[in-house]
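The next block holds one structure in the form of structure tokens; read it before the comments.
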Amino acid sequence: MRKYNCPRDLLSDAYTSSSLLQKAIRRGDADLALLAAEKLLPKRGKGIWRRLLAIAFEDVGVANVALLARVLNLAEAQLIDRGLPVSRGLTNAVEALAQSPKSRSADHLICSARHSYQTKSITSRAMLSDLPAVLGVAGDPSQPLIERMAAIEDACGRNERGACAARLERLSALKCVLPTEVHDAIDLSSRGFNLLKDGIALPLPLLVSASLEVDHERNISWPEMPSVDYVNGIPAWVWDKHTSIGKRAFKRLVSESKPVARCLHHYVSPEHHLGSVCMAGFYLDAAPVSFRFDWPGSEALEDAGLKADMGKVGCPPCGIEPLKEVVAENIDHLNAIRVALAGGRPA
């Protein structure tokens, strides 16, 4: 780990502050998450609560449903009642999210479901628009979880022409086919989707249902995190594919690192080089969580989500592991580029 100084405020950009908020929560670093929230609050106002709610669904979810419900209650109060001070409950919510066990299964499931849906025939897609067919697939535990999710999202999230109320009604209809123990999760999902208008709120009922359908113990793991450099106390992993510096850093890595360039040339067509290396980098040091809730099926979902995301940016299945490996081997080079672009100087 190396430390650098920079004369400017690295969190003056809202996108960087937002990136730090989510990734610090993923890694369980409450101090960094609180710093990011402090910087983001004046830029986003009450919108910061929408961001926290999305993080709760995407990065906590089934690992801590009670906390997700708590954050949802706070977000609803803030976004509906204009008279509430925007910072009320913010510190506690950020700290609780950072300290909670994490599960990124919702993101893996929704990405996999979208990929599954896109590969279906037109006839199969049409069938998923029929509510009885949707309920039949979604409520059948013998069906693959990804197929059940594809049916739900098509009915409740993907059909943008339908009114939000109609989509929420379809989501509530899942109570007819899912166990009673899941009904609270359906309500949380409906309320979250109503606020976020984002599919990331949709997987929760299926994930809760899946965790009830298998006999398992709660298992928490602490995966090892890649090496990192710091500039003004800000970790280099904040600059991922969603930030301006991150995009420029990955572009330079492709041009400067011969091993990375060779791997891309071997597996990926030229027009997809940048997108593929950005996504591989995202999974290397932006997506990992340090306090992870594992359940039977979560590893398979993560693998499916990775393949869907990498396929989306043009990387074939045979190139995923080689590309991840070569980016990991060149993480110090990537961090050096990030530091240089951020204006870092040796401390």
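The basis for the numbers below is simple: all heavy atoms, side chains too, and nothing from hydrogens, waters or symmetry mates.
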So does [X] pair up with [Y], basic N to acidic O under 4.0 Å?
X: Lys39; Y: Asp9; value: yes
X: Lys251; Y: Glu256; value: no
X: Asp303; Y: Lys307; value: yes
X: Lys43; Y: Asp13; value: no
X: Asp59; Y: Lys102; value: no
X: Asp187; Y: Lys175; value: yes
X: Arg104; Y: Glu302; value: no

Salt bridge (Lys or Arg N to Asp or Glu O under 4.0 Å) filter on Arg27, not counting sequence neighbours, yields none
Shortest non-hydrogen contact between [X] and [Y], atoms and distance:
X: Pro223; Y: Ser290; value: CD-O, 4.0 Å
X: Gly343; Y: Pro7; value: O-CD, 4.1 Å
X: Ala24; Y: Leu32; value: CB-CB, 3.8 Å
X: Leu178; Y: Gly139; value: CD2-CA, 4.2 Å
X: Leu34; Y: Glu95; value: CD1-OE2, 3.5 Å
X: Val231; Y: Gly344; value: CG1-CA, 3.9 Å

Looking only at atom types and distance, does a side-chain atom of [X] sit under 3.5 Å from a main-chain N or O of [Y], one as donor and one as acceptor?
X: Lys324; Y: Ala280; value: no
X: Ser105; Y: Ser298; value: no
X: Arg148; Y: Leu206; value: no
X: His273; Y: Val268; value: yes
X: Arg8; Y: Ala342; value: yes
X: Ser112; Y: Gly305; value: yes
X: Ser276; Y: His272; value: yes

Distance check, rounded to the nearest 0.5 Å: [X] atom [atom1] versus [Y] atom [atom2]?
X: Cys278; Y: Leu253; atom1: SG; atom2: CG; result: 9.5 Å
X: Leu341; Y: Arg248; atom1: CG; atom2: CZ; result: 5.0 Å
X: Leu168; Y: Ser190; atom1: CG; atom2: OG; result: 5.5 Å
X: Phe57; Y: Asp107; atom1: CZ; atom2: CG; result: 13.5 Å
X: Ile55; Y: Arg26; atom1: CD1; atom2: CZ; result: 8.0 Å

Pair Arg191-Leu195, side-chain contact (heavy atoms from CB on, under 4.5 Å): steps then yes or no: CA-CA 6 Å; Arg191 290 163 57 198; Leu195 282 183; over 6 Å; no
Check whether any side-chain heavy atom of [X] lies under 4.5 Å from a side-chain heavy atom of [Y], and answer yes or no.
X: Leu301; Y: Leu207; result: yes
X: Trp237; Y: Pro226; result: no
X: Leu52; Y: Ile25; result: yes
X: Leu323; Y: Met310; result: yes
X: Leu188; Y: Asp184; result: no
X: Val228; Y: Asp285; result: no
X: Asp81; Y: Glu76; result: no
X: Thr243; Y: Val238; result: no

Could you give me the CA-CA distance, side-chain angles and deciding distance for Leu53 and Trp49, then say whether side-chain contact (heavy atoms from CB on, under 4.5 Å) is met? CA-CA 6 Å; Leu53 182 59; Trp49 284 100; over 6 Å; no
Does CZ belonging to Phe291 count more than 12 external heavy atoms closer than 6.0 Å?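 Yes - once you tally the heavy atoms of other residues, nucleotides and ligands closer than 6.0 Å, there are more than 12.
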Any chance the side chains of [X] and [Y] put a donor and an acceptor closer than 3.5 Å?
X: Asn64; Y: Arg70; value: no
X: Ser18; Y: Arg51; value: yes
X: Trp239; Y: Ser244; value: no
X: Ser19; Y: Lys23; value: yes

Please walk me through it: do Arg88 and Val86 pass side-chain contact (heavy atoms from CB on, under 4.5 Å)? CA-CA 6 Å; Arg88 178 178 291 180; Val86 66; over 6 Å; no
Starting from [Y], can I reach [X] by hopping between I/L/V/M/F/W/Y residues whose side chains sit under 4.5 Å apart?
X: Val313; Y: Val277; answer: yes
X: Met225; Y: Phe293; answer: no
X: Val254; Y: Phe282; answer: yes
X: Leu284; Y: Val289; answer: no
X: Tyr267; Y: Val326; answer: yes

Identify whether NZ of Lys or CZ of Arg in Lys3 sits under 6.0 Å from the centre of the six-membered ring of Tyr230 and within 45° of that ring's axis.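 Geometry flag: not set, cation outside 6.0 Å or 45°.
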Can you label the angle between the Tyr283 ring and the His108 ring as parallel, tilted or perpendicular, going by 30° and 60°?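 The rings of Tyr283 and His108 lie parallel, inter-plane angle below 30°.
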Between Asn335 and Ser227, is the side-chain hydrogen bond (donor to acceptor under 3.5 Å, both in side chains) condition met? List the steps. CA-CA 9 Å; Asn335 283 336; Ser227 62; 4.6 Å; no
Before you tell me yes or no, could you show the steps for Asp29 and Asp31 under side-chain contact (heavy atoms from CB on, under 4.5 Å), namely the whole-Å CA-CA distance, both residues' side-chain angles and the distance that decides it to 0.1 Å? CA-CA 6 Å; Asp29 193 326; Asp31 290 338; 3.8 Å; yes
List the steps, then state whether salt bridge (charged side-chain N to carboxylate O under 4.0 Å, His left out) holds for Arg114 with Glu153. CA-CA 8 Å; Arg114 287 168 179 169; Glu153 200 200 10; 2.8 Å; yes
Run the numbers on Arg292 and Glu299 for salt bridge (charged side-chain N to carboxylate O under 4.0 Å, His left out), then give the verdict. CA-CA 11 Å; Arg292 189 174 72 192; Glu299 187 175 340; over 6 Å; no
